[in-house]
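Encoded as C-alpha cells, the structure appears first; notes follow it.
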Amino acid sequence: MEIIRKVEHLRQFVADAKASGKKVGLVPTMGALHAGHISLVNRARRENDLVVVSVFVNPTQFNNAEDLATYPRTEEADCEKLQEAGVDVAFIPSVEEVYPEPDTRVFDLGEVAAVMEGAMRPGHFNGVAQVVSRLFDMVRPDRAYFGEKDFQQIAVIRRMVEIEGFDLEIVDCPICREPDGLAMSSRNTRLTPEQRKVAPVIHRALENSLAWAKDHTLDETKRYVVSEINSFPHMEVEYYEIVDPLTMQPLSDWSEAANSYAVGCVTAYCGKVRLIDNIKYESVN
Ligand code: PAF
C-alpha cells in the first residue's frame, strides 16, 4: 500500500493507473476506521482495479470547535487496517494540502441540505461538499463509496455531483452494526462503558417502531421512537424525522411516502456524544 500525503503525487499515481485502463474506487473517510469503513473498502475492491482511501478530518464540516478537537485521530492503526484490507493507496493529506487557500465556495445544495443535519449543524453540509468535491477532483474516481448511516449526506453529495458535473457513480452501502445493534461510528469510541451499554436503544427503538408503524400514524410513530430513546439514562433525542428518501423532506402522513418507503432519521445525544442512525419503513402507504 502506498501512503500518499501530497495532492500532486496522488494525481500522478491515479493518472498512471487510469492510463493503463484501471477503474478507480474512492472511499472518503475521516479516519478512526472501523469495520463499517472496511466494508466500504471491500466493496470498492470488488468493483474496481485500484482503491484509494482518503483519511482526512475535514475542518470545514465541523461547526463545533470542541467536536473537531476531540474527533478521534488514529493514523497508525488506520494504516494497518487499510493495509490488511488490501487498499492500494491511503491518501493522508494535511489541512494545508487540501486547502492551500481557504475554500469560500458556497454550494446551492437546496432542500436536501436544509433540514435535519443541515438545520442543526449550519455550514456542515457545505463543508462536506467542499471536501468531497476536492477529493473527487484530485482522484477523479469512477466510483465513490459512502455509508448509509449518513443517509442525508449521500443525498447532499449526489446534489453536489450534479452541480459540479462529476462523471462518477455514488455507491451507497448498508449500515454496519455492532452485535447489539449500535450503528458503527468513529464517535462510539468516545462513549463511556456505561453509555456504550445504553446506546443500542437507538437502533432498538427504530426496529420496534417498524411494527408500531403498521397500525399507528406517522406522528405517533415519531413520538414512540423519541419517548423510547429518551426513557433511558444519558439519552436525549435531538430530532427524529421520517422523510422522503429522495428529497429528505419530513413527511406528516404515511401516504406522502411517494417512493413506497420512508426513512426515519434520528440524532440523539448519549452523554456528550452525538450519534445518528436511520431505518427504512417499507410499504407504509
Ligand atoms: O462521512 C464522513 O466521514 C465525512 O463526512 C466525509 C464524507 C469523509 C467527508 O469528510
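First listed ligand is number 1; within each ligand, the first listed atom is number 1. Please read these numbers as outputs of a predicted model, since none were measured by experiment.
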Tell me: protein heavy atom nearest atom 3 (O) of ligand 1, and distance?
Met30 CG, 3.7 Å
Can any side-chain N or O of Trp254 pair as donor or acceptor with the backbone N or O of Ala262 at less than 3.5 Å?
no
Will you find, in the side chains of Tyr239 and Glu117, an N or O donor that is under 3.5 Å from an N or O acceptor?
yes
Should you measure from each heavy atom of Val131, which atoms of ligand 1 turn up under 4.0 Å away?
9 (C), 10 (O)
Measure from NZ or CZ of Arg134 to the centre of the six-membered ring of Phe56, then state whether that distance is under 6.0 Å and the direction lies within 45° of the axis.
no
Would you say Gln153 and ligand 1 have an N/O pair spaced under 3.5 Å apart?
yes
Starting from atom 4 (C) of ligand 1, find the nearest protein heavy-atom neighbour and note its residue, name and distance.
Gln61 NE2, 3.7 Å
Would you find more than 12 non-hydrogen atoms of other residues, nucleotides or ligands less than 6.0 Å from Glu164 atom CD?
yes
Answer yes or no: does an N/O atom from Thr29 fall short of 3.5 Å to an N/O atom of ligand 1?
no
Is it the case that over 12 heavy atoms from other parts of the model lie below 6.0 angstrom from the CD atom of Glu220?
yes
Pull out every atom of ligand 1 sitting under 4.0 Å from any heavy atom of Pro28, numbered as shown with elements.
8 (C)
